[in-house]
Amino acid sequence: MVELSNKEMATILRELADLLEIRGENRFKVRAYYNAARRLTAINQDLHQLVATNRLKELPGIGKGITALIKETLENGYCSTLEEIKRELPAGLLELLMVPGLGPKKAHHLFYQLGIEDIEGLKKGLEKGQVRELKGFGAKTEQKLLASLEEYQSYQKLIILQHALLHSQELIEELKRYQGVLQIERAGSIRRMKEVTGDIDLLVAGKERAGIINYFIRLPLVETVTLQGENKGSVRTEQGIQVDLRVVSPAEFPAALQYFTGSKEHNVRLRELAKKSGYKLNEYGLFKDEQRVELKSEQDIYRILKLDYIIPELREDRGELAAAAAGKLPVSISYQDIKGDLHLHSRFSDGVHSIEELVQTARQRGYQYIAITDHSQSLRVAHGMSPETLQQQLGEIEHLQDKYSDIKILKGIEVDINSDGSLDYPDQILEQLDLVIAAIHTGFGQGKAEITERMIKAMENPYVKIIAHPQGRILKKRAAYQIDRERLMEKARETNTCLEINSSAYRLDLDDLTVRMAKGYGVKLAINTDSHHRNEFDNMILGIAVARRGWLEKDDVINTMEIEQLLSFLRGD
DNA sequence: GCCGTTTTCGGCCCGACTGTTTTCAGTCG
C-alpha cells in the first residue's frame with residue numbers, strides 16, 4: 001500500500017479526466033471522474049480507512065469502477081489507467097488547460113492536428129501563425145490565446161482574501177456614487193470568504209445598465225477593459241486584478257446574487273433540488289411553471305425550497321444542503337462572539353508596539369482579555385527572548401495589569417518546538433505562565449513522520465495549551481508541511497490541546513477543511529491574529545471566516561469564553 | 001462512469017459570451 005492523501009488521489013482522477021476529455025471521451029464519463037475527485041477533497045475521512053473498511057463506494061459519485069481504480073492505485077502506487085493514457089498523450093497537455101480560453105476540445109485539435117503538446121509548443125504554434133489556420137480557430141482566437149498565455153506565465157494571479165476585500169471595497173465605494181446603482185454586493189468566492197480568489201466579482205442592481213457598465217470601465221482604477229457586454233463588464237485594475245461586474249434588474253437581484261455567489265458545486269446541487277421540487281432556478285430568478293416567483297431577497301430562495309438559510313461561507317457542496325433541509329446547519333460563530341486574542345507579539349520580540357499599546361488597542365475593541373505571546377530564545381530572527389528578558393516582560397505585564405483593571409493580560413509565550421520535539425524553554429519556565437503556545441518555525445524540510453512525531457511530543461508537554469499555525473503554510477509562497485492530520489487530531493483530543501486558526505492574512509492556518517475535521521474530533525480551536533502590529537487586530541475577521549467555513553459554532557472556540565471560564569480551562573480544571 | 005419512490009437504460013444543471021459558424025461549438029462560471 002502506498003500513502004496517498006485524498007488530495008493526491010483527487011489530482012490523479014482530475015488528470016485522468018482532463019486527458020480523457022482531450023482524447024475525446026464521453027463527457028459524462030469524464031464528469032464522473034471530476035465528481036469523484038471533488039468528493040474526495042470535500043470529505044474529511046481518510047481514503048485508506050475508507051478502503052480498508054470497504055466504505056469507499058458508499059460515497060456519492062464513487063461507484064464500482066472508480067472504487068476499483070482507487071484500490072488499484074493505492075496498491076501499486078500508480079494508476080495504470082492514467083499511466084496508459086499518459087503514454088498516448090504527453091503530460092504537458094494538462095498545463096494547456098490552465099490557459100484561459102483553452103479547454104479540452106481546443107487542446108484536442110492543437111495536439112492531434114499540430115502536435116502541440118505543451119505551453120512552449122503552443123507559444124510557437126501561435127507565433128508561427130499555425131494555430132489560426134485550424135478549423136474552429138481564427139485570428140481573434142490567436143490573439144486571445146497569446147494574451148492569456150502571457151498572463152498565465154507572467155504571474156500566478158491568486159489574490160489573498162484580505163487584499164480582495166479591501167480592493168473590492170474601494171470599487172464598491174466608487175460605484176455607489178453612480179446614480180443608477182441601486183444595490184451593490186460582492187459575489188463569487190470573496191463573498192464566500194475563501195482564503196484566496198482569482199478575481200473580484202461584483203453584482204449591481206440598477207437602471208440603465210449600459211450607463212453603469214460605461215461608468216465602471218472608465219473608473220480611474222481601471223487599467224484595461226477585457227470585456228464589455230450589455231450586462232457585464234470585465235476590467236483589469238492598475239493592481240493587476242481582474243474585476244467582473246454584472247448588472248441586473250432589481251427583480252432579478254436576489255437570484256443573481258445567489259447564482260453569482262456560488263460555489264458552482266453548491267449551485268448545481270441547489271438547481272437539482274429546485275428541479276426535483278418542480279422549480280427552475282437560474283441567474284434570473286426562480287420559476288414555477290414558467291412563472292416567475294417573486295423574491296424579496298436571497299433568503300427567499302432557500303425558504304421556498306424548504307431549506308434553512310445557508311450563509312455564503314458554507315456554500316461549497318460539503319453537506320450544507322442536506323443540513324439545511326434537516327434544520328441542522330451550524331449556528332455559525334461570528335465576530336461578536338470573540339472575547340479576546342490569545343496570540344500577540346510586542347516589542348519584547350518582533351512586534352512593533354509596546355505591551356501597553358497592545359492593551360489599549362484591545363480595550364478599544366472591547367476585549368475582555370489578551371495574551372502576550374512573544375517568541376522564545378532560539379528564534380533569533382524574531383528576537384526570541386532569553387529567560388531573563390521573559391522575566392522582565394512578566395514584571396511589565398504585572399505592572400500594566402495593576403494599571404488596567406478592565407482587561408485581563410495573560411502571561412504567555414510562543415515557544416518554539418525544536419527539531420527533536422523538545423521545547424525551547426524548560427518546564428520550570430513554562431509553569432510560570434498563564435498560556436503556552438507551541439509552534440514550529442524551523443526545520444520544514446522534515447518528512448511527514450518526523451514532523452508528526454515532533455508535534456505530538458510537544459503536545460504531550462502538560463503546559464502546552466495551543467499549537468499555533470499547525471500546518472506552517474504561507475499563502476502564495478509555501479505549502480503546508482506534511483503532517484499526519486489524523487494523529488495530530490487524536491493527540492490534540494487526548495491531551496486537550498487546542499489548535500489555532502491563525503488569522504494572519506498570509507497564513508489562515510488551519511484551513512477550513514482541517515478546521516472542520518478538528519471539530520469532528522471534538523478538538524477545540526483558538527482564533528488568534530498573531531498580530532505584530534495593532535492594525536493586524538483587524539485580521540480577526542479573516543480567522544472568523546475560516547471558522548465559519550469550517551462549520552464552527554461559538555462553543556468550538558476557546559476565545560469566546562468569558563474570562564473566568566477561560567482561566568479555569570487554561571488551568572486544566 | 002454513476003445513478004434510480006416514474007428508472008438496470010437513458011439521462012446526467014443552465015445560460016452567456018465569443019468567435020466562428022451560416023445554425024453552432026467551445027469555454028466559462
Side-chain angles (χ1 to χ4, degrees), chain A residues 13-14 16-18 20-22 24-39 56-70 81 96-110 131-145 147-148 187-192 194 197-203 209 213 226-234 242 244-248 252 255-287 315 317 321:
Chain A
L13 290 171
R14 258 188 225 105
L16 183 56
D18 283 337
L20 285 171
E21 194 163 16
I22 292 174
E25 196 69 59
N26 175 306
R27 67 196 176 99
F28 293 108
K29 181 172 167 179
V30 170
R31 190 187 296 173
Y33 285 109
Y34 282 122
N35 287 341
R38 205 179 63 208
R39 179 64 51 190
L56 189 58
K57 59 178 173 294
E58 289 171 18
L59 296 177
I62 298 185
K64 224 165 110 186
I66 293 180
T67 297
L69 186 134
I70 289 175
T81 318
L96 287 184
L97 303 183
M98 307 291 287
V99 178
L102 209 175
K105 295 283 159 50
K106 285 203 170 80
H108 175 94
H109 294 303
L110 290 171
V131 172
R132 86 176 109 177
E133 301 301 327
L134 290 183
K135 186 161 183 266
F137 293 68
K140 286 246 176 90
T141 305
E142 177 187 88
Q143 284 313 306
K144 207 174 149 185
L145 286 179
S148 46
S189 47
I190 305 182
R191 183 153 182 258
R192 302 199 311 280
K194 238 184 128 181
T197 179
D199 58 11
I200 290 176
D201 290 313
L202 298 175
L203 182 69
R209 304 181 181 199
I213 302 275
T226 46
L227 182 154
Q228 181 184 6
E230 221 174 296
N231 310 310
K232 178 180 170 177
S234 290
Q242 172 84 23
D244 294 343
L245 175 81
R246 300 183 192 252
V247 188
V248 300
E252 291 166 341
L257 182 60
Q258 195 290 317
Y259 179 86
F260 290 116
T261 296
S263 69
K264 186 181 167 188
E265 290 78 13
H266 173 88
N267 287 352
V268 167
R269 296 281 169 257
L270 192 64
R271 285 196 291 268
E272 279 171 3
L273 182 70
K275 195 175 170 184
K276 270 185 207 148
S277 318
Y279 291 91
K280 185 177 76 164
L281 180 64
N282 59 31
E283 61 258 58
Y284 300 109
L286 184 65
F287 301 88
R315 299 182 196 168
D317 187 26
L321 286 164

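Residue numbers begin at 1 in each chain, while the letters A, B, ... track the order of the sequences. Hydrogens, waters and symmetry mates play no part in the numbers below; they use all other heavy atoms, side chains included.
Look at the P atom in both dG4(B) and dC13(B): the space between them is 14 Å, to the nearest Å. Going from the P atom of dG1(B) to that of dT5(B) covers 23 Å, rounded to whole Å. Atom name C1', nucleotides dC2(B) and dT8(B): the rounded distance is 12 Å, in whole Å. When the P atom is compared between dA16(B) and dG11(B), the two are found 24 Å apart, to the nearest whole Å. Nucleotides dT27(B) and dT21(B), compared at atom P, are 15 Å apart to the nearest Å. When the P atom is used for both dC12(B) and dC17(B), the distance is 24 Å, rounded to whole Å.
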With side-chain contact (heavy atoms from CB on, under 4.5 Å) as the test, would you mind laying out the steps for Lys106(A) and Thr141(A) before giving the verdict?
CA-CA 11 Å; Lys106(A) 285 203 170 80; Thr141(A) 305; 3.9 Å; yes
Given the rule in the side-chain contact (heavy atoms from CB on, under 4.5 Å) test, do Arg246(A) and Leu203(A) qualify, once you have shown the distances and angles that lead to the verdict?
CA-CA 5 Å; Arg246(A) 300 183 192 252; Leu203(A) 182 69; 3.9 Å; yes
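Here dC14(B) presents its C1' atom at 15 Å from CD of Glu265(A), a figure rounded to the nearest Å. Taking atom CG of residue Asp244(A) and atom P of nucleotide dC17(B), one finds them 12 Å apart after rounding to whole Å. Atom-to-atom, CD of Glu272(A) to P of dG4(B) comes out at 11 Å; the value is rounded to the nearest Å. Between the NZ atom of Lys140(A) and the C1' atom of dC17(B) there is a distance of 13 Å, given to the nearest Å. One atom, CG of Leu134(A), and another, P of dT21(B), lie 11 Å apart when rounded to the nearest Å. Taking atom NZ on Lys144(A) and atom C1' on dT20(B), their separation rounds to 12 Å, with Å as the unit. As rounded to whole Å, 7 Å separates atom P of dG29(B) from atom CG of Asp199(A). The NZ atom of Lys135(A) sits 10 Å away from the P atom of dA25(B) (whole-angstrom rounding).
Between atom CZ of residue Phe260(A) and atom CD of residue Glu283(A) there is a gap of 5.0 Å, rounded to the nearest 0.5 Å.
Nucleic acid contact for Ile62(A): sugar-phosphate only, since backbone atoms but no base atoms lie under 4.0 Å from a heavy atom of the residue. No engagement by Gly229(A) is indicated, since no non-hydrogen atom pair under 4.0 Å with the nucleic acid exists. Among the heavy atoms of the strands, none lies under 4.0 Å from Arg269(A). Nucleic acid contact class of Lys29(A) (heavy atoms, under 4.0 Å, all strands): base. Across all strands, Lys275(A) comes closer than 4.0 Å only to sugar-phosphate atoms, never to a base (heavy-atom distances). Looking at heavy-atom distances under 4.0 Å, Ala17(A) makes no contact with the nucleic acid at all.
The shortest non-hydrogen separation linking Ala17(A) to Tyr33(A) is CB-CB, 3.7 Å. Across Lys57(A) and Gly63(A), no two heavy atoms sit closer than the pair CB-O, 4.2 Å.
The side chain of His109(A) lies closest to dG26(B) when the candidates are dG15(B), dC2(B), dG26(B). Between dA16(B), dC28(B), dG26(B), one nucleotide has an atom nearer to the side chain of Pro100(A) than all others, and that is dC28(B). Taking only side-chain atoms of Leu227(A), from C-beta outward, the nucleotide of dG15(B), dT18(B), dC12(B) with the closest atom is dT18(B). Listed nucleotides dG29(B), dG15(B), dC13(B) differ in distance to Val268(A); the shortest reach to its side chain belongs to dC13(B). Considering only the side chain of Arg31(A), dC12(B) comes nearest among dG26(B), dC12(B), dG19(B).
A sub-4.0 Å separation between OP1 or OP2 of dT20(B) and a side-chain N or O of Thr141(A) is present. Between Lys264(A) and the phosphate of dC13(B), there is no side-chain N or O to OP1/OP2 separation shorter than 4.0 Å. Between Asn282(A) and the phosphate of dG15(B), there is a side-chain N or O to OP1/OP2 separation shorter than 4.0 Å. Between Tyr33(A) and dC2(B) there is no side-chain N or O to OP1 or OP2 distance below 4.0 Å.
Test Thr197(A), Thr261(A), Asp199(A), Asp201(A) against Ser189(A) for side chain to side chain donor-acceptor pair (under 3.5 Å) and you get one pass: Thr197(A).
At a threshold of 4.5 Å between non-hydrogen side-chain atoms, the residues Leu97(A) and Glu21(A) do not count as touching. A 4.5 Å side-chain heavy-atom check between Leu270(A) and Arg315(A) finds every atom pair outside the cut-off.
Place Lys57(A) and Lys280(A) on DNA chain B by their nearest nucleotides, and Lys57(A) ends up nearer the 5' end. In terms of position on DNA chain B, the residue among Ala32(A) and Asn231(A) whose nearest nucleotide sits closer to the 5' end is Ala32(A).
A donor-acceptor contact under 3.5 Å is formed by the side chain of Tyr259(A) with the base of dG29(B).
The base-pairing partner of dT8(B), taking Watson-Crick or G-U wobble contacts with both distances under 3.5 Å, does not exist among the strands shown.
The glycosidic torsion of dT7(B) lies within 90° of 0, which places this base in the syn conformation.
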